[in-house]
Amino acid sequence: MKNIFIVICVLSGLFSFSQEDQSTAYKKRVLETTEVDFLTSYYSQDGDNASVTGGIGDEHLTDFTPTFVISVPLNDDDVLTIDAGISAYTSASSSNLDPFDRTKDVTITSTTVVSGASSSRSVNSSSVAKVVSPTPWAASTGASSSDTWASISADYSHSSDDRNTIVNADVSFASEYDYMSIGFGGGITKLFNEKNTTFNINAKVYLDAWQPKYPTELDTYFVDANQSLNNSFFANVDILDQSGTAIDKNGTNVWAPVKSPIISNKARNSYSLSFSFSQILSKNAQMSLFFDLVQQDGWLANPMQRVYFGDVDNFYIGNASSIPNYTSRSNDDVFQLADDIERLPSKRFKIPVGMRLNYYLSEIFTLRTYYRFYSDDWGITSHTAEIELPIKISSKFTLYPSYRYYNQTAADYFAPYEVHVSTSEFYTSDYDLSKFIANQYGLGVSYTDIFAKTHIGKFGLKSIDLKYNSYERNTGLTAGIISAGFKFVMD
């Protein structure tokens, strides 16, 4: 509540500041006519360090994201922008929230002895049966195997008469399989020095709420089975120890989670204050600086993500003969029961600081550069460097190859599969929090028609952007994304 009060005070000050006496000289409309942007992307990744299955397992994921952005001029000074989109994905990793609904066909052969008047003979017959075939190396078919994230936001901006002050306020809503988010914020932009200098300050608040989903074996054990291996789902399956032997469920060497996964604090809130400064250095060069202050609190771990401890015995469900190859993709039919879910501190403070420098080299070439340094109190520091070289090949077409380099240190609470110990307070095996280096290579092409001659109904096509990026981490994760953007203006 204190954080929200601070943000409201800051925004109140900003809006008061914007009410300075403004020049009433000639002004041009901020936005001449309604503009519509259609943005879409298709993303695909593969890897071997799925977080839902404790740092090992299939990371294959695909995601399709169409988005509409509509900007409407309300009058000469005010613009309303609506941004609405969905993200539809399928994920082998998240599907294994419940790996035990995966089955495979097994051929069962039986022999029957048929007796005749003078002799008997054996008759073989076969049938196909479906058996439970859980594994971290293949997708299951449960509800969590695919999902749709949906969001909508609205931003209202007002420009002063001299166009040297812009204030804005925004609100957003998003929903997914396991969380909902409400956001709001606002900011102010000031232009100085004949609009050669720009300063912006922006504040945002996101109030998220988990609708937590837990790994099936943990959820069943604490909610349905009353912490007994003879009830519910566990009553009908064998639980195997490390040697592949079915355990005595009433004995002393039995599987039991280290802690209950059921969380009581379902909030996950974020508060950010962003500053940016840009300056035109010459007719060919422009630079900008930015930094953010971000505070998060609440349940910041993901209840879906398992953790396995090195000091706790292992237990499995499935085919005993596959246990020795559990961490290999050859494992097709055995799954290790979780020791616990990911647990992380309830607070996190982040500071990203960065800069951009753009330089016009000639009528054909422009150089765009970007650098960001990031640090947080979980122990992660990172560096991002990017270079893009737009090449104008005609009056309407531009190519823009790009390269991005990224590296980060590991969070204090990260360790791979079965390296954590059960006496720790915090732990995760999510490789997004690990130490890694990543490279991204991109190539895009843009088409621009300032007169918007091509029409679809009352809308003229002003520009098209197409780009492909190839991404790879030294942890083995690889990904590709194809993105497209179409801008239309109303006649």
Side-chain angles (χ1 to χ4, degrees), residues 1-8 11 39-41 43 51-52 61-70 80-91 93-98 142-156 168-187 202-216 218-219 222-223 260-274 292 294-306 341-350 428 430 432-433:
M1 202 64 199
K2 177 182 177 183
N3 290 307
I4 297 175
F5 177 74
I6 292 172
V7 170
I8 292 173
L11 293 178
L39 311 173
T40 186
S41 66
Y43 173 86
S51 55
V52 172
L61 179 147
T62 62
D63 181 90
F64 174 64
T65 307
T67 302
F68 281 96
V69 181
I70 303 174
L80 177 65
T81 301
I82 304 295
D83 185 330
I86 62 172
S87 175
Y89 72 83
T90 60
S91 170
S93 175
S94 63
S95 76
N96 281 317
L97 187 68
D98 181 8
S144 60
S145 63
S146 61
D147 189 23
T148 300
W149 170 87
S151 73
I152 186 169
S153 65
D155 179 272
Y156 168 81
N168 77 285
D170 62 77
V171 63
S172 63
F173 175 79
S175 178
E176 198 175 358
Y177 177 67
D178 59 348
Y179 90 99
M180 288 193 302
S181 175
I182 297 174
F184 58 91
N202 194 279
K204 286 188 178 293
V205 175
Y206 291 99
L207 305 177
D208 299 353
W210 285 104
Q211 299 172 320
K213 311 298 179 185
Y214 307 103
T216 292
L218 300 180
D219 191 37
F222 284 99
V223 177
S260 169
I262 310 302
I263 63 176
S264 56
N265 177 16
K266 298 179 182 179
R268 182 184 62 182
N269 303 324
S270 301
Y271 314 91
S272 67
L273 196 59
S274 303
D292 300 337
V294 182
Q295 176 69 51
Q296 292 182 293
D297 63 50
W299 189 269
L300 304 183
N302 189 334
M304 293 177 64
Q305 297 181 177
R306 294 174 174 86
I341 60 170
E342 171 185 84
R343 297 183 187 272
L344 293 167
S346 59
K347 293 185 180 298
R348 188 180 188 184
F349 184 65
K350 309 176 183 180
T428 177
D430 184 347
D432 286 345
L433 299 177

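Worth saying up front: this structure is predicted, and the values here are computed from it rather than measured. Nothing fancy with the numbering, it's 1 onward along the sequence. Side chains are part of it too, since the values below use all heavy atoms of this structure and drop only hydrogens, waters and symmetry mates.
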Practice task
Using salt bridge (charged side-chain N to carboxylate O under 4.0 Å, His left out) as the criterion, list what pairs up with Asp208, not counting sequence neighbours.
Solution key: Arg268
Do [X] and [Y] get their side chains close enough for a donor-acceptor pair, meaning under 3.5 Å?
X      : Y      : answer
Ser172 : Asp170 : no
Asp292 : Ser274 : yes
Lys350 : Gln295 : no

Which value, rounded to the nearest 0.5 Å, describes the distance between [X] atom [atom1] and [Y] atom [atom2]?
X      : Y      : atom1 : atom2 : answer
Leu61  : Ser93  : CG    : OG    : 8.5 Å
Glu342 : Trp299 : CD    : CH2   : 9.0 Å
Leu97  : Asp178 : CG    : CG    : 9.0 Å
Ser94  : Tyr89  : OG    : OH    : 4.5 Å

Handout entry: Lys/Arg-Asp/Glu bridge criterion (N-O < 4.0 Å) met for Arg348, Asp297
Key = no
Exercise for the section: Check step by step if side chain to side chain donor-acceptor pair (under 3.5 Å) holds for Thr81 and Asp83. Expected result: CA-CA 7 Å; Thr81 301; Asp83 185 330; over 6 Å; no
Exercise for the section: Taking atom CD1 of Ile182 as the centre, report whether more than 12 heavy atoms of other residues, nucleotides or ligands fall under 6.0 Å from it. Expected result: no
Practice task
Please report the C-alpha distance between Thr40 and Phe64 in whole Å, then the side-chain angles of each, then the deciding distance to 0.1 Å, and finally whether the side chain to side chain contact (heavy atoms under 4.5 Å, CB included) criterion is met.
Solution key: CA-CA 7 Å; Thr40 186; Phe64 174 64; 3.2 Å; yes
Is there a donor-acceptor pair closer than 3.5 Å between any side-chain N or O of [X] and the backbone N or O of [Y]?
X      : Y      : value
Asp147 : Tyr177 : yes
Tyr214 : Ile263 : yes
Asn96  : Asp98  : no
Ser175 : Met180 : no
Gln296 : Asn269 : no

Exercise for the section: Please name all residues satisfying ring pair (Phe, Tyr, Trp, His ring centres under 6.0 Å) with Phe68, sequence neighbours left out, ordered by chain then number. Expected result: Phe38
